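As structure tokens, the structure follows; a few thoughts come after it.
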Amino acid sequence: MPEHVPTLQLIGVAVLAVAAVVWAVTLLRLLDRAGLRSPVRHTTSLLPALPRQTRVGPELESVELTPAEQDAFAGLARQLADG
């Protein structure tokens, strides 16, 4: 228990936390009972009203790196990770 915090203040924080949890549970039960809570739907598409997007444009490209370029990239990645 922190020395600089009064006991009543710690009790108050605990009471407020319990009250918040009770309030959230009560609210969820009321919404469920009133039918206002939306049912959980598992859809394959996030936005089913929008048509599927087709890939337009050039194909993705890749380039093989030389060993020297790979070492340089690894060094750059280490520098960025360190700082």
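Everything quoted here is computed from the prediction, not taken from an experiment. Throughout, residue positions are numbered sequentially from 1 according to the sequence presented.
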In terms of hydrophobic clustering (I, L, V, M, F, W, Y; side-chain heavy atoms under 4.5 Å; direct or indirect links), are Val5 and Val15 co-clustered? no
Between CD on residue Gln70 and CD on residue Glu64, distance to nearest 0.5 Å: 8.0 Å
Spatial distance of atom CG (Asp71) from atom CG (Leu65) [nearest 0.5 Å]: 10.5 Å
Exceeds 12 heavy-atom contacts within 6.0 angstrom, atom CG of Leu8: no
Test Arg29 against every option in Val25, Asp32, Thr26, Leu27 by the side-chain contact (heavy atoms from CB on, under 4.5 Å) rule and name the one that passes. Val25
